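Right, one structure below, let's go through it.
Just so you know, ligand 1 is whichever comes first in the structure, and atom 1 is the first atom listed for that ligand. All figures in this text were calculated on a predicted structure; none of them were measured in a lab. Index from 1, following the sequence.
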Amino acid sequence: MILGSPKVESESIFQSSAPRTYGQAAVDMNRESLDGRLLFAIPKKGRLYERCLEILSGADIQFRRHNRLDVALVKNHPIALVFLPAADIPSFVGKGNVDLGITGHDVILESKMQDHVTEALRLGFGKCALQVQVPENGPIQTVEQLAGKRVVTSFEVLSGNYFNEIDDRLQLVGGARTKIEYVGGSVEAACSLGLADGIVDLVESGDTMRAAGLHAIATLLETEAVLIKSAVQKHPKLEPLIRLITSRIAGVVASGRYVVCEYNVRRDKLAAATAITPGRRAPTISPLEEEGWVAVSSMVEKKNTAEVMDRLVEIGAEDILIFNLDNCGHQFGLKSDLKVLYPRPPRLCSETSQARLARDLLLTMAGLISPRPVSYMQHNLQYNPYQRNVSSYSDSPANVGPPLAIHTPNQALAAYPDGSPAATMAVHEEQKIYALVIELLDPGTREAALLELSKKREQYDDLALVLWHSFGIMPALLQEIVSVYPLLSPPNLTAHVSNRVCNALALLQCVASHPDTRQLFLNAHIPLFLYPFLNTTSKTRPFEYLRLTSLGVIGALVKQNDNNTVIHFLLSTEIIPLCLRIMETGSELSKTVAIFIVQKILLDETGLTYICHTYERFYAVGTVLSNMVNQLVETQAVRLLKHVVRCYLRLSDNLRAREALRACLPEPLRDNTFSALLKGDMVTKRCLTTLLNNLAE
Ligand SMILES: Nc1ncnc2c1ncn2[C@@H]1O[C@H](COP(=O)(O)OP(=O)(O)OP(=O)(O)O)[C@@H](O)[C@H]1O
Ligand SMILES: O=P(O)(O)OC[C@H]1O[C@H](OP(=O)(O)OP(=O)(O)O)[C@H](O)[C@@H]1O
């Protein structure tokens, strides 16, 4: 590797004092401007290059690098990737010429940039050690013996500092001090060529060192690849995007580091078990139907898997399963010293029905439990889905209680006189729906049943209850959802697959809307299963449709927020940043649903306080709203404008936000830009006037 100051070739593109015009590279890229884009430096070759590409792909940062160009525009974010030598990246980031970068920790120290950059994340690859090496069978075997002699290295600064200290300690002066010589590569050859008495070089496996007949006598530092940003952010507007990218990369890194370990264990062994698998925060523990047994689910470091399994077996754990994670999502993998815009608080309750549900789902997928779950209807023909609030209703579909014995006339039938043709038809319709629900259990008939049921969901008020309380149905629907995850990145969703999963989502929406299942749906954290869909950015129709339908489920929840539990739940997840991104980049329809959700959150007292609690949160919401206003000047989408105005009005109820809005409310809302568009909409006009009055106070 070659270390040193940024090369001329790169400087012509990034003049530190110049505004962001990017010379020939930009011209070559069809004059597409890099202005306003976050610049993200990636090693252009060498040891870190391939792993960086994997990280970018895992974080869904999509780009195509044109031949010979060192700048690539990211398709799905306002980001440009800049491919630079790893050694130059710290100084570009430190000087603020680029906003983010990936490079080695060693390189930062070597280029003396540690005070100018912040290491936001360790990336877990590019791990090696910088070591002093000498010929294995030579006369020099300690650093003290090497002091005063010739040392060859690519790390002049770090080696210089290291040997200076030793020279000082040994009181070596003038020509007696250690002579550090720089070479750009193949350092290991220096001793055998007679150029050096020892070298300082990176060691990973040790193969190079051994092949050159060397061995290590001291370690200067341990290093790995890190994500860095400038210590002083030159472009504060980019901060939310930097946070988003950081947290996504953190998710990718954590997913590589951890697996999920699930097992069953006797309750009296629980303490021993959780000592073996303490998890990152705490393991999830769920009671099992079998007395005295619990199911435990916990994140385990991949490298410890075998040992952990051995120890679990020793204490009598059974059914031990290990699952790989594709991506941990933003909630994991963030170092505790990182601030997150919308952090997800730790789970308050360890015995969640979600754990049971997820377990059931995973086991079903792995073919480990009976593929023939028995539905309530099959199990007990007397089942009455209309008997609401019955205490024996479980809070989880997987936890089937004793069948209900009482049969009461059902809602649909009650509307018709006994035996009338209408009543007979209603019974027939209802039986058809039951039959379709049962067909959801069979993978062979599921697709058609999904389609039919999603069409009929409006006709049958209590479909939600049937879906929730029939054993195996919710896992089947969730299985539909997770089976699509592999097609999200790289984006590979066909219209057919999208339609199918959207039909499953429509049924979940039904469960989310129903007053008797909404809370159970939330308790099981099922909305989280939809977040990977909301996190996609592909503009193709199958993806647009998928995002829109997923938003519809969340929209159904917030629409019926009877006692603000929905908002509380959503605030504990990443829904706000997801909605904000869709508000920026989605189709008009998706934008409308996304802003509707944000508006509902704002209308809630806790939601408003939450969003206005930190400057970053307010800024993230404010920036997106302001960008929307500017787009609306062009698009004149009145439906969206209504929501934007209501969001601003609600923000102005908070005094700190009101203060900030005085400075940053977009101009088109202050002048009469939208007066023609709002001509027929008195309510929105009044909202806008009230907003302006609030700000004028
Ligand atoms: N053998 C190794 N194993 C793991 N990481 C390494 C290894 N060698 C170097 N690195 C890491 O990668 C960084 C860049 O090293 P690399 O030698 O690949 O850079 P380069 O000079 O851009 O490439 P090249 O050596 O091909 O010219 C190093 O500073 C170090 O952090
Ligand atoms: O311990 P190992 O796994 O053998 O890795 C160590 C080698 O890797 C690096 O060199 P690189 O291969 O990047 O080539 P370079 O010598 O041209 O820098 C480093 O400078 C060592 O030579």
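- Heavy-atom contacts of Gly46 reach the following atoms of ligand 1: 18 (O), 23 (O), 26 (O) (cutoff under 4.0 Å).
- Residue-to-ligand polar distances place Glu204 within reach of ligand 1: an N/O pair is separated by less than 3.5 Å.
- Each of the following atoms of ligand 1 lies closer than 4.0 Å to a heavy atom of Leu48: 11 (C), 12 (O), 13 (C).
- Rounded to the nearest 0.5 Å, atoms CG (Leu238) and CG (Asp99) are 5.0 Å apart.
- Considering only heavy atoms from C-beta on, Leu34 comes within 4.5 Å of Leu73 through its side chain.
- Each of the following atoms of ligand 1 lies closer than 4.0 Å to a heavy atom of Gly104: 31 (O).
- Considering only non-hydrogen atoms, atom 1 (N) of ligand 1 lies nearest to Arg47 out of Glu110, Arg51, Arg47.
- Note that CG of Leu48 and SG of Cys52 are 5.5 Å apart. Values are rounded to the nearest 0.5 Å.
- Short contacts between ligand 1 and Leu202, defined as distances under 4.0 Å to a heavy atom of the residue, involve ligand atoms 8 (N), 9 (C), 10 (N), 28 (C), 30 (C).
- Not close to ligand 1: Gly185, with no non-hydrogen atom less than 4.0 angstrom away.
- At a 4.0 Å heavy-atom cut-off, ligand 2 touches Ser186 through the backbone alone.
- For the salt bridge (charged side-chain N to carboxylate O under 4.0 Å, His left out) condition, the pairs that include at least one residue of residues 191-220, sequence neighbours left out, are Arg47-Glu204, Arg150-Asp197, Asp207-Arg210.
- Under a 4.0 angstrom heavy-atom cut-off, Lys127 registers as being in contact with ligand 1.
- At a heavy-atom cutoff of 4.0 Å, ligand 1 is contacted by no atom of Pro85, backbone or side chain.
- With Thr103, Ile89, Asp106 as candidates, the residue nearest to atom 28 (C) of ligand 1 on a non-hydrogen basis is Asp106.
- Between Glu54 and Arg51, at least one side-chain N (NZ, or NE/NH1/NH2) sits under 4.0 Å from a carboxylate O, which counts as a salt bridge.
- At a 4.0 Å heavy-atom cut-off, ligand 2 touches Thr208 through backbone and side chain alike.
- The closest non-hydrogen atom to atom 4 (C) of ligand 1, taken over Cys128, Gly206, Ser205, Ser186, comes from Cys128.
- Close contacts of ligand 1 with Val107, meaning ligand atoms under 4.0 Å from a residue heavy atom, involve 29 (O).
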- [ ] Could you please spell out the steps behind the side-chain contact (heavy atoms from CB on, under 4.5 Å) verdict for Val200 and Val132?
- [x] CA-CA 4 Å; Val200 173; Val132 183; 4.1 Å; yes
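- Checking only distances, Gly206 does come within under 3.5 Å of ligand 2, N or O to N or O.
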Task: side chain to side chain donor-acceptor pair (under 3.5 Å) between His215 and Gln141, worked out - done: CA-CA 9 Å; His215 77 145; Gln141 292 303 318; 2.7 Å; yes
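- Atom-to-atom distance recorded for Asn76:CG and Ile61:CD1 is 7.5 Å, nearest 0.5 angstrom.
- Checked by atom type, the side-chain pair Thr540/Ser538 shows a donor-acceptor distance below 3.5 Å.
- Within ligand 1, counting atoms from 1 as listed, the ones closer than 4.0 Å to a heavy atom of Gly126 are 4 (C), 5 (N).
- Using the six-membered ring where Trp is involved, Phe533 and Tyr485 have ring planes that are perpendicular, over 60° apart on the 30 and 60° scheme.
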Task: Worked verdict on Asp168 versus Arg177 for salt bridge (charged side-chain N to carboxylate O under 4.0 Å, His left out) - done: CA-CA 9 Å; Asp168 287 348; Arg177 289 177 80 85; 2.9 Å; yes
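- Near Ser205, meaning under 4.0 Å from any of its heavy atoms, are these atoms of ligand 2: 1 (O), 2 (P), 3 (O), 4 (O).
- Residue Asp201 has at least one heavy-atom neighbour below 4.0 Å for each of these atoms of ligand 2: 19 (C), 20 (O), 21 (C), 22 (O).
- The shortest heavy-atom distance from Val203 to ligand 2 is under 4.0 Å.
- With Gln133, Arg47, Glu188 as candidates, the residue nearest to atom 5 (O) of ligand 2 on a non-hydrogen basis is Arg47.
- Electrostatic pairing of Arg311 and Glu307 counts as a salt bridge here, judged by a charged N lying under 4.0 Å from a carboxylate O.
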